[in-house]
Amino acid sequence: METPVTPPVNNIKLHPEWRALLEQEFHKPYFERLKLFLREEKKQYRIFPPGSLIFNALNTTPPSRIKVVILGQDPYHGEGQAHGLCFSVLPGVAQPPSLQNIFKELEADLGLPPPTHGCLQAWAERGVLLLNTVLTVRANQPRSHAGKGWEVFTDAVLQAVNEKAEPVCFMLWGRDARSKKDLLDTRRHLVLEAAHPSPFSASGFLGCRHFSKANQWLLEQGIEPVDWSLP
């Protein structure tokens, strides 16, 4: 089923549930500055993901369906990789090393064999918000759009999820993600922390058992656990 979207907000198409929560962000000075920055960037560089997929995570996983949030950093910066879901690549694109380590942990934790592709769209459709803290990047230049305003916007997203009546599990992987813990009410929500799954820090990620911990906690809250299998 096609994701429902509202008419553009400042030329941004957004799921109506998110629009109700975030529309005011698009009219704030920081977001106006961010839009100007992106316009200038597009004149000189290739920007990932494509414009229609920048808000893919929000349009695929509306607030009412969120069970788990996985927080990444910025999008993949290679050709054809980023499609708006953190850690995910489209079928046919080689799995990046961080994603390979996520699949290793998934197998060790839940016994699920690694898929032949790297697309996590199915997770997003099952209630896993796959959010990066920065939503765009210049081709081949990681973190090139950090500090330009996206972090303010994604903090607003996290705060909106934090205010949900239903409890949510947050998986914070890496320094950037873990720095967001102070935005979250740890009395109501489960916050799981680990190192980033990058090969540079995977020793602090592998063995975290976040997938089974999340599902056990969801069951204890009376919420159906996430099906982490991938077709």
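One-based numbering along the sequence shown. All heavy atoms count here, side chains included; hydrogens, waters and symmetry mates do not.
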* **Flag side-chain contact, heavy atom, 4.5 Å: W228 against D109** => no

* Are any of the side-chain heavy atoms of N215 and F211 separated by less than 4.5 Å? -> no

* Asked: Between F153 and Y30, does the ring centre distance come in under 6.0 Å?
  -> no

Do [X] and [Y] belong together in a cluster built from hydrophobic side chains that touch within less than 4.5 Å?
X: W173; Y: L183; answer: no
X: L184; Y: L192; answer: no
X: L53; Y: L38; answer: no
X: L85; Y: V168; answer: no

Strictly distance-based, threshold 3.5 Å: is any side-chain N or O of [X] a donor or acceptor partner for the main-chain N or O of [Y]?
X: Q95; Y: H117; answer: yes
X: R188; Y: K164; answer: yes
X: S198; Y: S98; answer: no
X: Q121; Y: T60; answer: no

* **Passing candidate, side-chain hydrogen bond (donor to acceptor under 3.5 Å, both in side chains) with E40, options Q44, K43, K42** => K43

* Could you pull out the closest heavy-atom pair between A139 and F48, with the gap in Å? => CB-CE1, 3.5 Å

* Evaluate the ring planes of F87 and H196, with Trp represented by its six-membered ring, and classify them as parallel (under 30°), tilted (30 to 60°) or perpendicular (over 60°). => tilted

* Decide, yes or no, whether a salt bridge links K28 with E25 under the criterion of side-chain N to carboxylate O below 4.0 Å. => yes

* Please round to the nearest 0.5 Å and tell me the distance separating atom CH2 of W18 and atom CG of L58. => 5.5 Å

* Output the distance between atom NZ (K180) and atom CD (Q159), rounded to the nearest 0.5 Å. => 9.5 Å

